[in-house]
Amino acid sequence: MEIHDTGYGWQRETLRQTPPSTMQVLAAPGASHEIVFSQIAAAGQKHEADLGRYEVTENPDDHWRFRTPSLRNVAVTRPFVDDGGLTTLADVIEFYNRGGENHPDQDLRTRPLELSVEEMKDLEDFLHSLTLTGISCLVAEARSHPPDNH
């Protein structure tokens with residue numbers, strides 16, 4: 001597993017530093033409301049900066065760089081990205097299809113893919129195929145038994 005700057009951490013920090021004045025909040029399926037952002041912020045804890053690998057190394061080149069995990073069993077590892085901000089594989093594919101956030105220090109390999117809707121669906125299907133058949137049984141068992149490493 002390697003460390004990369006895909007643009008996501010930078011995007012989240014930019015949003016944290018300059019939040020929108022209002023935000024759409026989903027109240028129930030099909031019912032959302034536009035809420036003043038300061039009211040949303042007042043209801044939760046303050047979001048701290050997540051500077052990525054920099055927090056460990058203190059090397060300025062490591063700002064916004066995060067560990068890139070394996071794709072094995074990726075369909076059961078949601079939510080995705082370091083803060084769980086992308087909730088579906090389709091969200092992740094869309095993020096990478098547009099090329100991340102295109103900030104100056106972003107990894108050059110993260111660039112617009114220009115995939116069609118059909119190609120994005122095919123990619124999502126492929127990613128689902130990387131998940132072990134019967135994994136739901138293993139996941140359920142892992143969650144129902146105490147860890148054996150205590």
Side-chain angles (χ1 to χ4, degrees), residues 1-56 62-107 109-145 147:
M1 295 186 204
E2 295 183 31
I3 308 288
H4 296 100
D5 177 351
T6 64
Y8 183 81
W10 177 85
Q11 170 203 8
R12 295 297 282 191
E13 179 61 11
T14 300
L15 180 61
R16 189 181 79 81
Q17 296 276 342
T18 55
S21 57
T22 62
M23 182 178 257
Q24 285 293 120
V25 175
L26 183 65
S32 63
H33 303 282
E34 192 160 334
I35 307 290
V36 175
F37 188 80
S38 61
Q39 292 176 326
I40 296 169
Q45 292 182 341
K46 181 181 176 192
H47 290 292
E48 298 295 325
D50 187 351
L51 303 177
R53 185 73 178 153
Y54 172 81
E55 293 180 11
V56 175
D62 285 340
H63 273 114
W64 322 123
R65 295 179 76 203
F66 295 88
R67 182 177 63 90
T68 306
S70 165
L71 293 177
R72 179 180 286 159
N73 296 321
V74 69
V76 295
T77 62
R78 68 178 189 215
F80 303 100
V81 294
D82 64 289
D83 69 352
L86 300 177
T87 57
T88 67
L89 285 174
D91 293 339
V92 174
I93 293 167
E94 174 58 35
F95 174 80
Y96 285 105
N97 194 46
R98 71 174 183 266
E101 289 303 317
N102 197 26
H103 78 92
D105 296 322
Q106 181 174 297
D107 191 307
R109 292 171 287 190
T110 304
R111 62 192 190 309
L113 301 174
E114 300 177 4
L115 299 175
S116 69
V117 172
E118 183 177 330
E119 289 170 325
M120 288 192 292
K121 179 64 179 137
D122 289 345
L123 178 55
E124 184 176 357
D125 290 345
F126 169 74
L127 291 171
H128 278 282
S129 79
L130 299 176
T131 298
L132 178 67
T133 304
I135 190 79
S136 58
C137 180
L138 293 173
V139 170
E141 185 175 308
R143 291 183 178 159
S144 66
H145 297 293

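Everything numeric in this text was worked out from a predicted model, so none of it was measured.
Summarising the geometry of Thr88 relative to Phe80, their closest heavy-atom pair is C-CE1, 3.6 Å, with the distance given to 0.1 Å. Closest non-hydrogen pair, Ser32 versus Gln24, comes out as OG-NE2, 3.0 Å. Between Gly84 and Pro79 the shortest heavy-atom distance is O-CB, 3.4 Å. The nearest pair of heavy atoms linking Leu15 to Pro20 is CD1-CD, 3.5 Å. The minimum heavy-atom distance between Ala27 and His33, with the atom names listed, is CB-CD2, 3.7 Å. Closest non-hydrogen pair, Thr87 versus Arg78, comes out as O-CD, 3.4 Å.
Under the 4.5 Å side-chain criterion, counting only non-hydrogen atoms from C-beta, Arg65 is in contact with Asp5. Within the 4.5 Å cutoff, side-chain heavy atoms of Met120 are placed close to those of Asn97. Looking only at side-chain heavy atoms (C-beta outward), Leu115 and Tyr96 stay at 4.5 Å or farther from each other. Under the 4.5 Å side-chain criterion, counting only non-hydrogen atoms from C-beta, Phe66 is in contact with Asp50. Trp64 has its side chain within reach of Leu51: a pair of non-hydrogen atoms, C-beta onward, lies under 4.5 Å apart. Under the 4.5 Å side-chain criterion, counting only non-hydrogen atoms from C-beta, Phe95 is in contact with Thr6. Residues Ile93 and Leu127 meet the side-chain proximity criterion, which asks for heavy atoms closer than 4.5 Å.
Although no hydrogens or angles enter the test, the distance criterion places a donor-acceptor pair under 3.5 Å between the side chain of Gln106 and the main chain of Asn102. For the pair Thr131 (side chain) and Ala75 (backbone), a donor-acceptor distance under 3.5 Å is present.
Rounding to the nearest 0.5 Å places NE2 of His63 at 8.5 Å from CD of Glu55. The OG1 atom of Thr68 lies 4.5 Å from the NE2 atom of His4; values are rounded to the nearest 0.5 Å. One distance of note links OG1 of Thr110 with NE2 of His103; it measures 9.0 Å at 0.5 Å rounding. Distance check, rounded to the nearest 0.5 Å: CD of Gln39 to CE of Met23 gives 13.0 Å. Here CG of Asp122 is found 5.5 Å from CD of Glu118. Values are rounded to the nearest 0.5 Å. Between His128 atom NE2 and Leu123 atom CG the span is 10.0 Å, to the nearest 0.5 Å.
The salt bridge (Lys or Arg N to Asp or Glu O under 4.0 Å) contacts involving residues 15-44 comprise Glu13-Arg16, where partners must be two or more places apart or lie in separate chains.
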Exercise for the section: Starting from the C-alpha separation in whole Å, work towards a yes-or-no answer on side-chain contact (heavy atoms from CB on, under 4.5 Å) for Asp62 and Ile3. Expected result: CA-CA 9 Å; Asp62 285 340; Ile3 308 288; 5.5 Å; no
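Other residues, nucleotides and ligands contribute at most 12 non-hydrogen atoms within 6.0 Å of the CD atom of Glu114. Counting heavy atoms of neighbouring residues, nucleotides and ligands inside a 6.0 Å radius, atom CZ of Phe126 does not exceed 12 of them.
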